[in-house]
Number of protein chains: 2
Amino acid sequence: MLKEERQHTILNEVELHNRVLLTDLAEKLDVSIDTVRRDVKELDSDNRLVKVHGGAVSLGFANHSPQRNNNVYSLEEKISIAQKATSLLKDNSVILIDGGTTCLELARLLPANINLTCFTLSLPVAMELLSKPNVETIFIGGALSKDSQIAMGANAIHNLSQIKVDYSFIGTGYVDAAFGLTEFDWDTVQTKKAVIQASKKTVLLCISEKLNSQHRFKTCDLNMIDTMITELPPDHPLLESFKNQELFLL
Amino acid sequence: MLKEERQHTILNEVELHNRVLLTDLAEKLDVSIDTVRRDVKELDSDNRLVKVHGGAVSLGFANHSPQRNNNVYSLEEKISIAQKATSLLKDNSVILIDGGTTCLELARLLPANINLTCFTLSLPVAMELLSKPNVETIFIGGALSKDSQIAMGANAIHNLSQIKVDYSFIGTGYVDAAFGLTEFDWDTVQTKKAVIQASKKTVLLCISEKLNSQHRFKTCDLNMIDTMITELPPDHPLLESFKNQELFLL
DNA sequence: TGTTTTAATGCAATATTTTGCTTTTTTTAA
DNA sequence: TTAAAAAAAGCAAAATATTGCATTAAAACA
């Protein structure tokens, strides 16, 4: 029997059952287990199946795909930004945290020794805040967007108009640049405007990589922002063009 | 059996029921509990589920707060109740789903072929609803309670006063009886009242075991309820005393 | 054709992984 | 707090992988 035939059979078997044992294959193909092993290894490196201990599984079956591997990328930067943002907080501050992964990181990193009242529109952020004993969390209600997991629309905007917070922390967008152009609909933009109006000071959390991309400030004008935080030191050359009296860099 | 198969089964089980016990998995998969534990641990670190003491819960269900390892028990009954509840739904119904594990189960089981507008006060329920393409979700804002993960207080009550839904589905309490006496504070009771007032029909989802406990109807009077659903058939002897013209049993 | 080179296969010795069991530590519920 | 349940850690047996090597088959070439 040709190697080609064997491998073909192996692939068929894997496609059919989603999984196979090397021992079964060896018996079925009437070759040694070593040969099967080598075949499977080859098919694996050709990405035709996934070899696992004791056998092989089909590509679709493979556990390798972590669910929603939300941007594991630039996590370091996001943490660094969020860390800086916490330095603005004082005891009993009233703040608002927007959605997006950077903001979520901020929610995670809120210091445990400062009492805060925290508004949010974001379901994941709210979840995170609930685990903080020192944070009183108020969710701004409204119609929930399926992709951003954020409350928005007329209802949310109205609720926002009723409050005034010391700081609101907003991100640059809900969709990571890696996934394609970030397009914002009318609702998103209006809601973000309402957030800004509900805050005495607005802080933009922004990874430097986005500073010069075409996604830049799709959501809001720079002059609506009081403080911008990137992962870079404030005197970094890349930030030169943002230095002015209006905008505080951190 | 390959490790991959086992883990696949575990994931299926978790997705299906939202939660599983390690002991059940061990029996079902016919391996030691250590093996199951190791598998679950692995899946957890791959962010495919969340491991909790004694079992695992699905991602959407995850009480990221270490708060309470929500009742992995009496799941069957809850599913049965939730299943019955779905029979009340019609296309384009506007409903409200309260918090608690039974209500969460209802959110999970909402049929995919019926378009719904769904209000909720519960963070976990909202999370679940977001995964349903046919459900428009509106979150009722308010101060979030750390243990029940529900919006409540004046804000929530006011928001509730603005709406009217066809059905609201409420549970008996947020804490399972097995965990001790369920004590409700003023806020909880007021909020639940507001829920009832916001609905044309109120449906109580109630495990029969609670019918004769001292926790019975701490939250609301029976005469505020239009329909009561238990896991038992409506003509079951235990339900005899609830039969009257006011209350519809299902 | 006969010889040389290369690839494929099976085997055996040696690692590595997986698994269940036991003991100890931690967590949980009452 | 105590007692029960669950998790963690360590260990040994079993299953599976890896590697080197010998044998055989196939291919290349004069």
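Keep in mind that what you see is a predicted model, and the values were worked out from it rather than measured.
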Can you name the salt bridge (charged side-chain N to carboxylate O under 4.0 Å, His left out) partners of B/K28, sequence neighbours left out?
B/E13
Between [N] ([atom2]) and [X] ([atom1]): distance, integer Å:
| X | N | atom1 | atom2 | value |
| --- | --- | --- | --- | --- |
| A/R38 | D/dT16 | CZ | C1' | 15 Å |
| B/D44 | D/dA7 | CG | P | 12 Å |
| A/Q7 | C/dT9 | CD | C1' | 14 Å |
| B/M1 | D/dT16 | CE | C1' | 18 Å |
| A/H53 | D/dT16 | NE2 | P | 6 Å |
| B/R37 | C/dC21 | CZ | C1' | 13 Å |

Pairs counted only when both distances fall under 3.5 Å, Watson-Crick or G-U: show me the 5' to 3' dot-bracket for DNA chain D, [ ] for pseudoknotted crossings and | for other-strand partners.
||||||||||||||||||||||||||||||
For B/D235, which residues count as a side-chain contact (heavy atoms from CB on, under 4.5 Å) partner, sequence neighbours excluded?
B/P233, B/K243
Across all chains, not counting sequence neighbours, the side-chain contact (heavy atoms from CB on, under 4.5 Å) partners of A/Q7 are A/K3, A/D39, A/E42, A/L43
Heavy atoms from C-beta onward define the side chain here; which of C/dT19, C/dA8, D/dA6 lies closest to that of A/K3?
C/dA8
Could you check which of C/dT27, D/dA8, C/dT9 has an atom nearest any side-chain atom of B/K51?
D/dA8
Calculate, to the nearest 0.5 Å, the distance between atoms OG1 and CG belonging to B/T120 and B/D98 respectively.
7.0 Å
Hey, does A/N18 have a side-chain heavy atom less than 4.5 Å from the side chain of A/V57?
no
Residue pairs meeting ring-ring contact (aromatic ring centres under 6.0 Å, His included), one or both in residues 93-142 of chain A, sequence neighbours left out, come to A/F139-B/F139
Does B/K51 reach the main-chain N or O of B/S45 with its side chain, forming a donor-acceptor pair under 3.5 Å?
no
N/O donor-acceptor pair under 3.5 Å between A/D166 side chain and A/I95 backbone
no
Below 4.0 angstrom, N of the basic side chain to O of the carboxylate: do A/E105 and A/K78 qualify?
no
Contact check, residues 9-36 of chain A vs DNA chain C, heavy-atom distance under 4.0 Å, returns A/V31, A/S32, A/D34, A/T35
Is the distance from OP1 or OP2 of C/dT9 to the nearest side-chain N or O of A/R6 less than 4.0 Å?
yes
